[in-house]
Number of protein chains: 2
Amino acid sequence: MSTSNRSAYHHRALRPALIAAARALLDEGGPEAVGLREAARRVGVSPTATYRHFRDKDALLAAVAAEGFREFGAALAAGQSAADPFAGMGAAYIDFALAKPGMFQLMFSPLLAAQAADPDLSAAADAAFALLRKRAEASAPGPFGGDIEATTLIAWSMVHGLSRLVLDGVLPREAAEGFKRAMLARPPGAGPATA
Amino acid sequence: MSTSNRSAYHHRALRPALIAAARALLDEGGPEAVGLREAARRVGVSPTATYRHFRDKDALLAAVAAEGFREFGAALAAGQSAADPFAGMGAAYIDFALAKPGMFQLMFSPLLAAQAADPDLSAAADAAFALLRKRAEASAPGPFGGDIEATTLIAWSMVHGLSRLVLDGVLPREAAEGFKRAMLARPPGAGPATA
DNA sequence: GGCATGATGTTATCGATGTCAACTTCGAAT
DNA sequence: ATTCGAAGTTGACATCGATAACATCATGCC
């Protein structure tokens, strides 16, 4: 009971508790719904207590996003072990976005680009992105031509674009299924389905 | 001087003026920087005057976004008249996003999906999206296979994903140039660059 | 032409948010 | 045991979106 016998004044694990609370808000109502005061309220602490652990609201969001990027990387790595590693990773990308829409939106929020100074966040993000590039490397020349750079760019753009279009409500969720099927129908190295 | 000899009490053109002000804010600081009060302040009117013309803040944003979608449609149509209409439209898509980042982000904000009840907004958005589909139709079977649905989905996802990755600061702006070049190198109907 | 009436703006206010400054409490090292 | 810094608290401020009640003007009707 190291967490429960706290002295009611000193929480002793406020930082992770705030991150968890912020994350719950994120899951419930998207990035807009995350608030410093509300997170503090849920943890049972005064609003300003948060400033002992985070410089400001954005720093809290950055911590949440860093967690997200770590899970994202794990999901991508897992998807890679499918029969078709290239399509498997793409499907994992899309599945992650649809399964954790709030987190995905936060992770790719322009707000987070401004938070690039946070080493924890950039490390987690870079690690996840490195997986994408590595996969493109291993699969190049892929279905889009020989250049590794181009393969990464195009494949990444495709899965990312589809994810966002669905999340933003432009395309229906079914579109994701059709997309994943199309990916599987065109294994890396295969030409266009001319027949 | 029909606009300047207003009676200082009745503005007589508040609605378009507020839209213009909101748009200026959007260009300056992105969607987050748009505020009802600030827009009213710039127009020289009291904050609550806005509620005579917009149900709430989201309605104002929807009006701005509708304008954006009309310009977006015009840009896409113009791009279509390039030597390669398919790649031309794709380039126009990306160029619009990079030229008007705040507007683009607003247009594809999940906030706007919730505002789908606005007929002006949905009409403008649908018109722009119809252009994409029509182009895919005219170019199918394109570089990705015969299905029109799939061609639309894949091409749209590609240009949209790249645009967002650049806007969100994940990819450098130069990536857009390389991307557009790759599009041109693979005209519709062409197979993969196996050589 | 004078006047009622509705559209358009205003003032006052509310609840909520992020943030700062000053104060309090507690745990641990000397 | 005392002290000292870390962790939380109270109180306050500026700002925001939104509502209610009031003021002003422009216009159509007689």
Side-chain angles (χ1 to χ4, degrees), chain A residues 1-22 24-26 28-65 106 109 111-112 114-115 118, chain B residues 1-22 24-26 28-65 106 109 111-112 114-115 118:
Chain A
M1 311 166 172
S2 68
T3 61
S4 62
N5 70 359
R6 52 188 165 80
S7 62
Y9 196 102
H10 279 18
H11 187 286
R12 290 297 277 174
L14 228 199
R15 199 188 141 94
L18 282 172
I19 294 178
L25 294 218
L26 186 64
E28 291 168 23
E32 312 270 322
V34 184
L36 267 193
R37 295 182 100 107
E38 179 64 22
R41 202 171 295 136
R42 294 206 176 190
V43 174
V45 94
S46 93
T48 52
T50 60
Y51 289 90
R52 294 290 156 190
H53 301 276
F54 302 98
R55 190 158 37 78
D56 55 10
K57 181 188 178 183
D58 287 358
L60 170 58
L61 289 179
V64 174
L106 174 66
S109 153
L111 188 159
L112 265 286
Q115 211 68 8
D118 184 328
Chain B
M1 312 170 176
S2 66
T3 62
S4 62
N5 70 357
R6 52 189 165 79
S7 60
Y9 197 101
H10 279 18
H11 186 287
R12 293 294 280 172
L14 227 197
R15 198 187 143 95
L18 282 172
I19 293 179
L25 293 225
L26 186 63
E28 291 168 24
E32 312 269 323
V34 184
L36 268 192
R37 298 182 97 105
E38 179 64 21
R41 202 172 294 135
R42 294 207 175 188
V43 173
V45 92
S46 94
T48 54
T50 59
Y51 290 92
R52 295 289 160 194
H53 300 275
F54 302 97
R55 189 156 38 78
D56 55 10
K57 182 188 178 183
D58 286 358
L60 170 57
L61 290 179
V64 175
L106 174 66
S109 151
L111 189 157
L112 266 287
Q115 211 67 7
D118 184 328

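As the structure is a prediction and not an experimental result, all values here were calculated from the model. Residue numbering restarts at 1 for every chain, and letters A, B, ... go by the order of the sequence lines.
- The two residues A:Val64 and A:Ala22 come nearest to each other via the heavy atoms CG2-CB, 3.8 Å.
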Provide a list of protein-nucleic acid N or O atom pairs under 3.5 angstrom, restricted to nucleotides 11-15 of chain C.
| from | atom 1 | to | atom 2 | distance (Å) |
| --- | --- | --- | --- | --- |
| C:dT11 | O4 | B:Thr48 | OG1 | 2.8 |

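- Spacing between atom CG of A:Leu36 and atom P of C:dG18 amounts to 5 Å, rounded to whole angstrom units.
- The separation between A:Phe54 atom CZ and D:dG8 atom C1' is 15 Å, rounded to whole Å.
- Taken from CZ in B:Arg41 to OG in B:Ser46, the straight-line distance is 11.5 Å, to the nearest 0.5 Å.
- Note: CD (A:Glu32) to C1' (C:dA16) measures 15 Å, nearest angstrom.
- To the nearest 0.5 Å, atom CG of residue A:Leu25 and atom CZ of residue A:Arg42 are 4.5 Å apart.
- Side-chain nitrogen and oxygen atoms of B:Arg41 include at least one within less than 4.0 Å of the OP1 or OP2 phosphate oxygen of D:dC16.
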Acceptor/donor pairs from residues 51-61 of chain A side chains to any protein atom, 3.5 angstrom cut, sequence neighbours excluded:
| from | atom 1 | to | atom 2 | distance (Å) |
| --- | --- | --- | --- | --- |
| A:Asp56 | OD1 | A:Asp58 | N | 3.3 |
| A:Asp56 | OD1 | A:Ala59 | N | 3.1 |
| A:Lys57 | NZ | A:Val34 | O | 3.2 |

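- Rounded to an integer number of Å, the gap from A:Asp56 CG to C:dT19 P is 5 Å.
- When rounded to the nearest whole Å, the span between CG of A:Leu14 and P of C:dC26 equals 15 Å.
- If you take CD on B:Glu28 and CG on B:Leu26, they are separated by 9.5 Å, rounding to the nearest 0.5 Å.
- The CG atom of A:Leu36 sits 4.5 Å away from the OG1 atom of A:Thr50 when rounded to the nearest 0.5 Å.
- Residue-level contact check: A:Arg55 touches neither bases nor backbone, having no heavy atom under 4.0 Å from any strand.
- Summarising the geometry, the separation between NZ on A:Lys57 and P on C:dC20 is reported as 14 Å, rounded to the nearest angstrom.
- Atom CG of B:Asp58 is separated from atom C1' of D:dC16 by 14 Å (rounded to the nearest Å).
- For B:Ala62, the side chain to side chain contact (heavy atoms under 4.5 Å, CB included) partners are B:Leu112, B:Gln115, B:Asp118, B:Leu121, not counting sequence neighbours.
- Here A:His53 reaches the OP1 or OP2 of D:dG8: one of its side-chain N or O atoms lies under 4.0 Å away.
- The CD-P distance, from A:Glu38 to C:dG18, rounds to 10 Å in whole Å.
- Applying the 4.0 Å criterion to OP1 and OP2 of D:dT19, one finds that B:Tyr51 has every side-chain N and O outside that range.
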